[in-house]
Protein chains: 2
Amino acid sequence: MQLRMTNQREMILRELKKSKKHLSADELYERVKKIMPRISLATVYRNLEILSDASMIRKLEISGRQKRFDSELEDHDHIYCIQCHRIENLDIGDKEVNLTEVDTRGYAITGRRLEVIGLCPRCQKKNSKNNAKKAKQGGSTMGCGCKKGVLSDEQKQVLEAMEKCDGPCASKDIAAATGLETKQVSCRITALKKKGYVDSPVRCKYAITTEGKIALNV
Amino acid sequence: MQLRMTNQREMILRELKKSKKHLSADELYERVKKIMPRISLATVYRNLEILSDASMIRKLEISGRQKRFDSELEDHDHIYCIQCHRIENLDIGDKEVNLTEVDTRGYAITGRRLEVIGLCPRCQKKNSKNNAKKAKQGGSTMGCGCKKGVLSDEQKQVLEAMEKCDGPCASKDIAAATGLETKQVSCRITALKKKGYVDSPVRCKYAITTEGKIALNV
DNA sequence: TAGTAAATAGTAACCTTTCGCAAGTCAATC
DNA sequence: GATTGACTTGCGAAAGGTTACTATTTACTA
């Protein structure tokens, strides 16, 4: 099986080299598409796989579900930010990782992958800035993957009723105002809280947050 | 936010602890389902996420696309077999990985993940046994993720024609025998080669492999 | 240069994971 | 003891990322 250097393949390789970051297949696709608008995403995937089989690039399978690719072949490790998911290179001399005295259970070792995990300087700064704000709001759940922009009709109804209310109100009141059942209201409130659009300043009383108001008016 | 120990959650935790392996969500699902047939896959996913947030289990995001989970919390690393995809634990003293003198680019380090890659003893044995065979066949592509069992009707037709042939035959002959167009035959042969069902002992001549014969008779 | 093998675009399908909802369960309050 | 809200669950649907299939095109080699 021989490799042919097609235009597409060449372009994929070039763009990956040009960007010093660790691109995912679809990021690379977006870039290549600007130059070759008719290229297919499948081609990008195929070539990344082929190029990494041929040891012309490296495949990274760390952190999260997307594969990322690296044009640098020399041995190096990676450092990963738990908050912004940035991956950067790390130069570690061989001295720092010493496997010679480890019981490797009879495995024939072909390589190793070291991933250091932490918080990058940018995120550290960002966090210390927003700390006061976040401590008050339910900031801890906000980092999750929920799509914040999308509201169902019922959620919108609940949120609107809550906006009209002065101050915190009970779910009963919302139920009366919207005509929905109490249980349904309760469900919606839970979902809205998760999105950060509603909070509960007093037990069993709820209020719309600033973010909630913004979301409603989009 | 408090955690409740529901039956489902307890069972998931117990099964994960019972099996010493690193299970994926759906493997765990299969096991728990034998005891609680009505449990939902989503529940398994949800609980694995929750339990790992609560540091009651560990989430592994290495090697391949499925997340795997580990009931052992103590710091340990992993060793991964490139051939059978087995993951095993590795006990490495802190001495072996020394990050104190590494430039970590201002990151606040919270952890590290070391994955040693190699070939497990079982696969080593297996390979040395099958070496003669594999060297002849195109064994290198067999490790890929293609589903080997599924054949399209056309593929089956081509394979059958090839089986009837004595020795290697050209794609022209196959085309004549099947009534398919030469171009189509060529496509099918490519796909079949990828699956390991066909090989090309001589340039432009093809033959069905042992694996191909087996696949045909399933 | 002709003919073959490898690569491509486009799309469908796949697998894993997450989400929304309605309903259920439990613990804390009234 | 009834009620309320928080936490869960099962189910179905859908998202997200990746791979497979096939007709067609392109690069390479004899």
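Side chains included, hydrogens not; waters and symmetry mates left out as well; all remaining heavy atoms used. Naming convention: chains lettered A, B, ... in sequence-line order (proteins, then strands); numbering from 1 in each chain.
- Taking only distance into account, the side chain of R4(A) never meets the base of dC28(D) through a donor-acceptor pair shorter than 3.5 Å.
- If you take CD of E10(A) and C1' of dA6(C), they are 17 Å apart, rounded to a whole angstrom.
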Side-chain donor-acceptor distances from residues 30-45 of chain A under 3.5 Å, at least two apart:
unit_1: S40(A); atom_1: OG; unit_2: A42(A); atom_2: N; d: 3.0

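- Distances from the side chain of E49(B) to the nucleotides dT17(C), dT9(D), dT18(C) place dT18(C) closest.
- Distance L51(B) CG to dC7(D) P: 16 Å, rounded to the nearest Å.
- A close approach under 4.0 Å does not occur between any side-chain nitrogen or oxygen of Q8(A) and OP1 or OP2 of dT26(D).
- A heavy atom lying under 4.0 Å from DNA chain C marks the following residues of residues 27-46 of chain A, by number: R38(A), I39(A), S40(A), A42(A), T43(A), R46(A).
- Two residues are said to be in side-chain contact when any heavy atoms from C-beta on lie closer than 4.5 Å; R14(A) and K17(A) fail this criterion.
- Rounded to a whole Å, the CG atom of N47(B) is 15 Å from the P atom of dT17(C).
- To the nearest angstrom, P of dA5(C) lies 17 Å from CG of L3(A).
- Counting only heavy atoms from C-beta outward, the side chains of L13(B) and I57(B) approach each other to under 4.5 Å.
- Remark: E49(A) engages K59(A) in a side-chain hydrogen bond (donor to acceptor under 3.5 Å, both in side chains) (not counting sequence neighbours).
- Across the protein-nucleic acid pair, N7(A) atom CG and dT8(C) atom C1' stand 11 Å apart, rounded to whole Å.
- One interatomic measurement links the two molecules: CG of L48(B) to C1' of dT17(C), which rounds to 12 Å at whole-angstrom precision.
- Between S24(B) and the phosphate of dT16(C), there is no side-chain N or O to OP1/OP2 separation shorter than 4.0 Å.
- In terms of the side-chain hydrogen bond (donor to acceptor under 3.5 Å, both in side chains) criterion, residue partners of Y107(A) (sequence neighbours excluded) are, by chain and number, E88(B).
- Separating the CE atom of M11(A) from the C1' atom of dA9(C) is a distance of 17 Å, rounded to the nearest angstrom.
- Taking D53(A) as the reference, nothing meets the side-chain hydrogen bond (donor to acceptor under 3.5 Å, both in side chains) condition, with sequence neighbours excluded.
- Qualifying salt bridge (charged side-chain N to carboxylate O under 4.0 Å, His left out) partners for R4(A), counting only residues two or more places apart in sequence or in other chains: none.
- Distance D26(B) CG to dC15(C) P: 11 Å, rounded to the nearest Å.
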